[in-house]
Structure formats: C-alpha cells, structure tokens
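By convention in this document, chain letters (A, B, ...) are assigned in the order of the sequence lines, proteins followed by strands, and residues within each chain are numbered from 1.
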Amino acid sequence: MKLDARIPSGDLAQKWDNYRFASKLVNPANRRKFTIIVVGTGLAGASASATLAEQGYNVKTFCIQDSPRRAHSIAAQGGINAAKNYQNDGDSVLRLFYDTIKGGDFRAREANVYRLAQVSGNIIDQCVAQGVPFAREYGGTLANRSFGGAQVSRTFYARGQTGQQLLLGAYGALSRQIHSGRVTMYNRREMMDLVVIDGRARGITARNLMNGELESHAADAVVLATGGYGNVYFLSTNAMASNVTAAWRACKHGAGFANPCFVQIHPTCIPVHGDYQSKLTLMSESLRNDGRVWVPIQKGDQRPAAAIPEAERDYYLEKKYPSFGNLVPRDVASRNAKEQCDGGKGVGSTGLAVYLDFAEAIKRDGEATILKKYGNLFQMYEKITAANPLHEPMMIYPAVHYTMGGLWVDYNLMTTIPGLFALGECNFSDHGANRLGASALMQGLADGYFIIATSIAGYIGASSLQPVAATDPAFDESRKNVADRIHRLLRNSMRGPAGKVTVDEVHKQLGRLLWDNCGMARNKAGLEAALEQLPAIRDQFWNDVYIPGNATDINQSLERAGRVADFLEFAEIMIRDALAREESCGCHLREESQTAENEAQRDDANYSHVSVWEYQGEGEPPVMHREPLVFDNVTPSQRSYK
Amino acid sequence: MSSIDLTLQIWRQKNNDSLGHLETYPLSGINTDMSFLEMLDVLNEQLTRAGKEPVAFDHDCREGICGMCGAVVNGIAHGPERETTLCQLHMRNFRSGDTLVIEPFRSRAFPIRKDLMVDRSAFDRIIQSGGYVSVNTGGTPDANTIPIPSQVAELAMDAAACIGCGACVASCPNGAAMLFTGAKISQLCLLPQGQPERRQRALAMVETMDREGFGNCTNARECEAVCPKGISIRNIARLNQEFLAASLLEG
Ligand SMILES: Cc1cc2nc3c(=O)[nH]c(=O)nc-3n(C[C@H](O)[C@H](O)[C@H](O)COP(=O)(O)OP(=O)(O)OC[C@H]3O[C@@H](n4cnc5c(N)ncnc54)[C@H](O)[C@@H]3O)c2cc1C
Ligand code: FES
C-alpha cells in the first residue's frame, strides 16, 4: 500500500488555489456521460449528490433509511463552525485552522485542515441562500455561540436542531436534482460490497431492504459518505443504523483504514440507566456555555444537589482550567468526569454521573433566555429522565459519540483505491485525535459542497476510464459473495432458537469489551486481553447466532446481523491500533503515557503519524503503514487549556 | 423507577398485498424508564428467543428528530403524550394492567410494508416538486447580506421544525398532508430567500399532494394535536393563502 497524500505545493494559504488550478476539468457537455455513485445522504452525501448533479454528472444515490432526509446528521444539535469573524472577536481562517489542529492534538494533516477553514465561510453563505433558518440577532444579522476548544464565538446554530436544518437544506438541494432526473435515488438500500475492476472502484452491490434483492450498480467513481462507526460499542449517541459496513468492505478490497482507535467520547450525555437501553442521548455541548459542571467535594455524598451548599461543591473544570473552564475540549472534559467518578465523587444512582448546573445562568439571564437557547434540549432531557433542568441540575456522563478514524484519504479525499472517495465522518481527514464541537457538520458540508466536485473532475479528467456495465463478471462475483455471506449468517437458524444467542446479545458483549478496554482510558494489558477475547465472541456469533425470518423479505434482524458481523471484524483493527500507539493524544489516553497532571502525554518523536491499516485476508493480522505528519506552519506543543 | 405488566395488541401484516390482523402479546416486568421502542425491543428479543418473527418497525435516531418512528397507540399517533415521538414516549406514561393497541400509520398514500412499517415516500415527492430554494452550490452572497429579523427567523424555524413523520396524515380523517406541506411552504414564504419561487412552489407542491392521494383539510385539527413538534395549523392557513394567491395570479 502506497500512501501519497498528494498535498499541493506552495504556501499553506495557496495550496487549495494551486490545487484547483492544476486539477483537470471535465467539459460540462461531457459530464453527463459519467456516472457517480454516492452512498449516504447525510450532510456529506446529500450535499455531494446535489453538487455533482448540478454540475451535470449522472448521480446514483443510496441510503438505508426510507428517505434521504433521515440520515444520522439530522440529529446534530449544537451548531456549525465557520471563520466568518462576524463577532469581530479576532477570528480568522488561520485561527480556525489552528484551533482545529490543536484541538486534534496535532494528529491531523495541515493542508486539509487549512482548506476546511478556508471554505467554512462559503458553507454558511450556501446554507443561508437555501433558506436554512439560522438564529438571528434582533438587528437581523446571524447569531453565534461558543463551543469547546475555542475562545471566539464562531458557531452558527438553528435552536438545538442545527443538523436537522442543515440536512433539510441539503436534502432540498438533493430533492431538486431528483426532480430534474439527474439524481436517481435508491432508498432502503444497503451497500454490501464494493466492486473493483482493474484496480479501480467501478460500482457497488446493494441489498434492497424491502425484498432482499441484490442489485449491481456500475459507475465511473464511487463516493462513500456512510458516516461513523461509533455503534461498534453497541451504546453510542449514533442513530441505530449507523455502521461500518460500507467502509469495512472497502477496506477488505484494499482501502487503507486510518486511526481506527480515535473515537470521541462526548462529555455531556444522559447517563446509562438500564441494561435494556438501546442508545445514549447527547445533550449538546452548547449547554456548557451556560451550564457549570460540578460534583460534591465529599466522596459518596448522597444528598440531593439542592441540599449541597455552594462551599461543598467542586467546580472541577473551572478550577483546573481557569482560562477555558467548562469549555475545555471534549476529550479533556470526558476524562475529567471519569476521574471524578472513579474517585468516588460521581452522583446519581449509579455514581456514574456529574452535574451540569444552570442555576447561575437562569439567575443571571432569566428562564426565558435560557429556554430560548436550550428549550428543546431541556425538554428532551425531561422526557427521558422525568427531571426538569430548570429546577435541578442535569446529570451527565461521557458516551461514545464520533469517530475521528475512518478511511484514509489523500488531499483529494480519494482512498487508496483509485476512484473510491470518502467524505464526512466516514473519512479520517480533518480532526486528528479529537474533534472540536461543531466541526463535523462543517467538514461534512465542506467535503460535499466544495471539495468533491473538484476531486471527481480531477480524477475523471486524468484517467482514461473504460466503460463498465453492471453485467461485468466482477459484479456477478460480488453478488455471489454477498449472497454466500447472507447464507452463512442464516445457516444456524434452521433448527430454531434453542441454545442460541441473539444478534443484540453478541453486539452488547462486543460493546462491553471495547468500552472497558478501548474506551476512555486504555492500557497495554487491557488491550491485549481484549484482542485475545475477541475471537471467541466472533466464533459465538458465527456458530450460535439465531436470526428469525429469511433473506427475501424485510428482515431487520438480518440487517443488524450483517452490521454486527462487520463490527466484529473491524474491532480487531481498532484494538490493534490502540495497542500500537504507545502515546496518549487527544481522545486516545494510554495510561502508560500521561503528564504529571494526568493530561495526555504525546510522543511526537515516535508517533507523529497517521496509522493506516491494510487488510490481509481472513485470519491474517492486518499490516500497519504510516503517513508521517509534517508541521510547517504550527509548532506542536503540549496542549494546555489552563 | 418501577415495573409494569402490559397486554400488547400489535398489528401484524406480512406485506402490502396480504391481510393484517391484531395479535396479542402479554409483556411483563417493563421498566417504566424505558422508551416505547425499547419496550418493543424487549418484546422482539422475547419473540426471537421463542423462534417467532419480531415486529417490524421503523426507527433510527431514537431522539425524536429523524421522523422515522411512528405508530398509532390506542388510537393516537405517537401515543398519549403531547408533542412526543414514539421513540421519546416513555413507559412511565402507562399503568400496570394497561392494554395497548399498536397499529401502523394508516393512509391511502402510505402503503403498509410490513407490520408497523409504512412507505412515506409520497412526502419526498411533495418536497421534490418544489420544497426548496433553487440555488446551485457556489456563488451565493455573504450570509449577512440577507438580514432577517429575529422574529421572522424564529417563525420560519417553527415551521421548519417538521420531522416528516406522517403522524399528521395518519390522524387526519381525510388523510390530508396539509400540515406537512404547509410547514415547508410557510418556512420558505416567510423568508426572503423563498420569494422568487413563491407562487410556483405553492402550485407545484399542492398539485403533487393531490396527485399522491392525500385528502383535503376540513379543519378537524387532529394533525396539530398529534404533531410531535407542535407545528401549528396556522401553517395550513398560510398554505391556503399562498395557493390562492398563486392560483389567482398564475392561473
Ligand atoms: C447526537 C449527535 C449530535 C451531534 N451534534 C453535532 C453538532 O452540533 N455539530 C457538529 O458539527 N457535529 C455534530 N455531530 C456529529 C455529526 O452529526 C456527524 O458527524 C455528521 O452528521 C456525519 O455526517 P455524514 O454525512 O458523514 O454521515 P451520516 O449523517 O451518518 O450519514 C450516513 C449516511 O450513510 C448511509 N449509509 C450508511 N451505511 C450505508 C450502507 N452500507 N449502504 C447505504 N447507505 C449507507 C446512511 O443511510 C446515511 O444516509 C453530532 C452527532 C450526534 C450523534
Ligand atoms: S426514531 Fe427518529 S424520531 Fe423516533
């Protein structure tokens, strides 16, 4: 596997211009001769589909849900960053770039991050032109809020439903192209395999979830915008259908997978409350603008929050990080919550929670102001917990939320398979070892609206692609492989459920293993033990899982089983990656590598690289490659938020 | 936290061509902190272990925002709690001994796919016919060159909050999609960005709505009562105004 990041020449600020100038173009009249497959309709996939279709390509778009509008992006709450400097508080492209690189603990590629910051402003312009109802000041200009890891106010928002509004904007643009006939939309389809011909991505095999039919779709390029793999932990804030299948299939065909162990554990989620629980609910980080995090000073204090006097409360973030206070980056906030709970100061019935208190903000600004900002979040919290945050502090605890790891891509967002691109959370590109709040929406839309079209033209313009039809034998073979695998999944279920396990039972076991050993804190012994235990869980799945129903009908158990089977394989490279990176950085805390104050201790001499995993076949250990990270414009420093 | 015992009567239907029926399942020991969908998960795990087919139901975010879940519970779309999607409905709303009748969202325009799963793609086609501002990517003016008073942005946001779940259609005696369509038309007609296409949008979306087999509004207001996002029927009034004005001027 050769890793060439294809970073354009020139000064950081000139690279994107130089790249666009050097890139090949495709004549508008020729574009309709090329078919592009886009898998996924989240912010990245919907914006890419619409933009490519507007430019004249023939686009085929796929999603699992019954409508493209329901992709996981819809759930994003807090906001989207952009270096507009509308608040005149010293923001700039350079500052957004720097905050993102630093927030990622110096484990992202400078050139990509700078471009992200450069196009961030265009995203806001685009969304406003579409009619996205962002929050406004009384004078009619756009309003901003602050997010963790930044000291400027650059986050644009639409109440607590920013993801919904941005996605509906992109869905509108996509709908317009579906109406015009330039996008063919395939709902309720799951990509099961990538088809590679002569070393290039030339199509996919998809399963129609309504009748189990396996379909072949040929194209000149394939774009994966299939989101993140947080659900490998079973419990996460991701939507239920979020999965690693598409990315993992690509990996099995030779696409490198970068930094799989970089998983963001978000500090402000509603704590786990029972073993029936199917998912965790995020309380947007924007709450940390006004909420103060605390625990009782006294260990094991069982009094209700209201009965604990001010002097007996420990506002540990404000104390430890005076300049960022409650707005430290997510990895820092999560780790500190864990530390408090591990030390016996956790609150609530399980002791695995800390308080997020709005009392002071309500006293200062009044209930109405606080409700205007966070009303829907308060309501959501109350529905789930039956407690009202206006009257008592919220209880929060960290939960798996976002995956910085993903398919390795070069500057063009192309994977190591020519013609296969990865956008949005599905790639690894911009967030290093920790993503800052409100930057995923920015990246998804940057990739989809402003970057992919140039990359696709560059690729098509520079390659002489032979036409390929879905009747090519490579498609038959792919369909056969997929059918065989489905058959293998169902084969144990003929003789009924006696003595068998369900898909969810196995998934929960896998989740527990990863949460305990490859979660907020990791160490060599735990990771090695997890690696040892994994094959047994995998065997149990393949030998004992019971899946009711058949493959030719709607079968949600079978859908889940296929995704869990991939998670079980994928988990291995996550654990190996965490084991191989013997430093701490961002989200990845190796207990062996900490500063005297228990902060992540990076080891730039040995680990200033992207780890890229190459699949070697069943039963073979994967091989790790390195893309060295070069910092010409910033000097990696020990992150400090004090 | 406490636990309750329930009797569930759930609509089972193999596909759109077959007949469906209500099937009864006793379910005990349900933790009242569970969500309604988690309760269905528990039932499905039990059915699976007993070698029976689990109940098919759509869901994804489980946070009340994707609009994918939905069923009629004891005659009310999304169940008894106001402004709540089925996934956000919690079992503390029920008492031990309750019987819950759980049926799919029914409408001529929403064919049943299986059990509680329906096909709402007619909603997508309504949006495709005009529920957007026709701008291509790139070349848009700086965002602050379009000032929008805060109150207008908030009103537009009230309408834009629609999650497209279809509860409005399922609860309407006429199977109308006026609240859904009205919400999108309102959002865009309130905003300056929506002005250039205002008339043709109203005409096209209403025409698609009719073609898809949705009925007409007779002011029963059931849609507003069940809407999980509290979308007001003022949006239907706006739709009517927009449509009327467009018909007079263009027609
Ligand atoms: C609760 C929550 C709140 C968040 N809030 C914020 C926020 O305030 N700001 C921010 O910047 N970020 C936020 N994030 C992160 C952000 O929402 C996501 O990272 C981002 O939306 C991902 O977008 P995407 O387009 O890459 O993928 P997704 O939105 O996950 O879309 C994936 C798409 O791929 C499809 N798909 C997946 N697999 C297949 C397959 N095999 N076959 C066919 N289709 C497939 C799915 O159907 C879907 O359409 C939040 C995340 C969560 C969970
Ligand atoms: S599952 Fe998304 S709204 Fe209920």
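Once rounded to the nearest 0.5 Å, the distance linking OG of A/Ser557 with CG of B/Leu47 reads 10.0 Å. Separation of atoms CD (B/Gln193) and SG (A/Cys127) is listed at 11.0 Å; rounding is to 0.5 Å. A distance of 12.0 Å separates CD in A/Glu382 from CD in B/Gln88, rounded to the nearest 0.5 Å. How far CZ of B/Arg62 is from OG1 of A/Thr281: 10.5 Å, rounded to the nearest 0.5 Å. The line from CZ of A/Arg70 to SG of B/Cys61 is 9.5 Å long, rounded to the nearest 0.5 Å.
Using a 4.5 Å cut-off between heavy atoms, A/Arg159 touches chain B through its side chain atoms alone. When heavy atoms are compared at a cutoff of 4.5 Å, B/Asn16 does not approach chain A at all. For A/Leu52, no part lies under 4.5 angstrom from a heavy atom of chain B. For chain B, the nearby part of A/Gln164 is the side chain; its heavy atoms alone come within less than 4.5 Å. For A/Ala143, no part lies near chain B; criterion is any non-hydrogen pair under 4.5 Å. Proximity to chain B is limited to the backbone of A/Phe134, based on heavy atoms less than 4.5 angstrom apart. Both the backbone and the side chain of B/Thr84 come within contact range of chain A, each with at least one heavy atom under 4.5 Å from a heavy atom of that chain. Of the two parts of B/Ile148, the backbone and the side chain both hold a non-hydrogen atom closer than 4.5 Å to a non-hydrogen atom of chain A. For B/Ala50, the part lying under 4.5 angstrom from a heavy atom of chain A is the backbone only. Interface remark: B/Met39 contributes no atoms to any contact with chain A (heavy atom separation under 4.5 Å). Heavy-atom distances place both the backbone and the side chain of B/Glu154 under 4.5 Å from chain A. Within the 4.5 angstrom heavy-atom criterion, only side-chain atoms of A/Gln556, from C-beta onward, approach chain B.
Residue with the most contacts toward chain B among A/Asn376, A/Ile64, A/Thr385, A/Asn122: A/Thr385 (heavy-atom pairs, distance under 4.5 Å).
In the model, B/Asp33 has no side-chain atom that pairs as donor or acceptor with a side-chain atom of A/Tyr276 under 3.5 Å. Side-chain contact check for A/Thr141 and B/Asn144: no donor-acceptor pair (N or O, by modelled atom type) lies under 3.5 Å. Side chains of A/Thr502 and B/Arg49: a donor-acceptor N/O pair is absent below 3.5 angstrom, by distance only. Residues A/Glu137 and B/Ser150 have side chains that never bring a donor and an acceptor to within less than 3.5 angstrom of each other. Of the N and O atoms on the side chains of A/Arg176 and B/Asn136, at least one donor lies less than 3.5 Å from an acceptor on the other residue.
Listed here is the closest heavy atom pair of A/Gln277 and B/Glu38: CA-OE2, 3.5 Å.
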